Enquirer: 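I have a structure here, written as structure tokens, and I will follow up with some questions on it.
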Amino acid sequence: MLTQCKSSAVTADAVARVFNGLFRGPFRTELVGGGDEPLYQPRPRGVDLDRITYREDFVNSALHEVAHWCLVGPARRRRVDYGYWYLPDNRDAEAQLRFQAVEARPQALEWLFADAAGVR
């Protein structure tokens with residue numbers, strides 16, 4: 001589906017269209033841009049869709065957030081941001097190592113998605 005976009009640069013909007021076309025119905029999850037920070041929000045009572053928000057209109061942020069979503073299971077999808085903890089920049093060495101350990105798999109999957117889509 002993203003191959004249709006290869007004649008020009010793949011955009012975050014194109015990633016969202018593909019994701020939403022594949023997963024919005026069966027998984028009741030939508031991918032949207034425009035966030036100040038990326039965030040996964042399980043559907044609150046009375047709302048029909050979980051929401052993955054990626055940062056602004058950054059294609060790599062969209063791919064990275066999709067990677068996180070792909071790696072977690074149904075139990076983690078019931079928790080805001082999949083239950084991950086977040087520390088801002090200026091982490092101490094121990095906290096940075098824990099952060100890198102958590103991020104290694106999603107970053108690897110993001111790289112594979114980017115490579116497949118022709119995104120640098």
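On a predicted model such as this, the values are computed, not experimentally measured, just so you know. Atoms considered below: every heavy atom in the structure, side chains included; atoms not considered: hydrogens, waters and symmetry mates.
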Enquirer: Find out whether Leu39 and Ile52 are in side-chain contact, i.e. whether some heavy atom of one side chain is under 4.5 Å from a heavy atom of the other.
Expert: no
Enquirer: Are the aromatic rings of Trp69 and Tyr82 close, with centres under 6.0 Å apart?
Expert: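 No: the rings miss the under 6.0 Å criterion.
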Enquirer: Out of curiosity, Gln100 CD to Arg91 CZ, how far, rounded to the nearest 0.5 Å?
Expert: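 Going from CD on Gln100 over to CZ on Arg91, the span is 8.5 Å.
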Enquirer: Distance check, rounded to the nearest 0.5 Å: Arg120 atom CZ versus Asp115 atom CG?
Expert: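 If I round to the nearest 0.5 Å, the distance is 11.5 Å.
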Enquirer: Using side-chain heavy atoms (C-beta onward) and a distance below 4.5 Å, is Pro106 in contact with Leu71?
Expert: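 When only atoms from C-beta onward are counted, Leu71 and Pro106 do touch, with a gap below 4.5 Å.
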Enquirer: Please confirm whether the backbone N or O of Glu30 pairs with a side-chain atom of Arg24, one donor and one acceptor, at under 3.5 Å?
Expert: no
Enquirer: Nearest 0.5 Å, please: how far is CZ in Phe19 from OG1 in Thr29?
Expert: 5.5 Å
Enquirer: The test is side-chain contact (heavy atoms from CB on, under 4.5 Å); show your working for Tyr84 and Val72 and say whether it passes.
Expert: CA-CA 11 Å; Tyr84 288 128; Val72 301; 3.8 Å; yes
Enquirer: Mind checking whether Leu22 and Val15 sit in one hydrophobic cluster, side chains of I, L, V, M, F, W, Y counted as touching below 4.5 Å?
Expert: yes
Enquirer: Got Trp111 and Leu63 here, is their nearest side-chain heavy-atom distance under 4.5 Å?
Expert: no
Enquirer: Quick one, Val32 and Arg51 - any side-chain contact, counting heavy atoms below 4.5 Å?
Expert: yes
Enquirer: Is there a path from Leu97 to Val102 through hydrophobic residues (I, L, V, M, F, W, Y) whose side chains come within less than 4.5 Å of each other?
Expert: no
Enquirer: Might you confirm whether atom CZ of Arg105 has over 12 heavy atoms from other residues, nucleotides or ligands at distances under 6.0 Å?
Expert: no
Enquirer: If you round to the nearest 0.5 Å, how far is CG of Asp36 from CZ of Arg55?
Expert: 7.5 Å
Enquirer: Tell me yes or no: between the side chains of Glu103 and His68, is some donor less than 3.5 Å from an acceptor?
Expert: yes
Enquirer: Just verifying a value: how many Å separate Arg98 CZ and Gln96 CD, rounded to the nearest 0.5 Å?
Expert: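 It comes to 10.5 Å.
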Enquirer: For Asp92 and Ala95, indicate whether the former's side chain and the latter's backbone hold a donor-acceptor pair under 3.5 Å.
Expert: yes
Enquirer: Please check if the number of heavy atoms outside Asn90 that lie under 6.0 Å from its CG is greater than 12.
Expert: no
Enquirer: Using every non-hydrogen atom in the two residues, find where Ser61 and Tyr54 come nearest and quote the distance to one decimal.
Expert: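 Shortest heavy-atom contact: OG-CB, 3.5 Å.
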Enquirer: With a 4.5 Å limit on heavy-atom distance, are the side chains of Asp13 and Asp57 in contact?
Expert: no
Enquirer: Could you check whether any side-chain heavy atom of Asn60 comes within less than 4.5 Å of a side-chain heavy atom of Glu110, counting everything from C-beta outward?
Expert: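 Asn60 reaches Glu110 side chain to side chain.
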Enquirer: Restricting to non-hydrogen atoms, name the atom on Ala117 and the atom on Val10 that form the minimum distance, rounded to 0.1 Å.
Expert: O-CG2, 3.2 Å
Enquirer: So, taking the atom named CG in Asp81 and the one named CD in Glu37, what distance separates them when rounded to the nearest 0.5 Å?
Expert: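 So the CG of Asp81 and the CD of Glu37 are separated by 10.0 Å.
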Enquirer: Kindly confirm or rule out a cation-pi arrangement of Arg79 over Tyr40, judged by NZ or CZ under 6.0 Å from the six-membered ring centre and within 45° of its axis?
Expert: no
Enquirer: Is it the case that one hydrophobic cluster holds both Phe23 and Leu109, taking links as side-chain heavy atoms less than 4.5 Å apart, direct or via other members?
Expert: yes
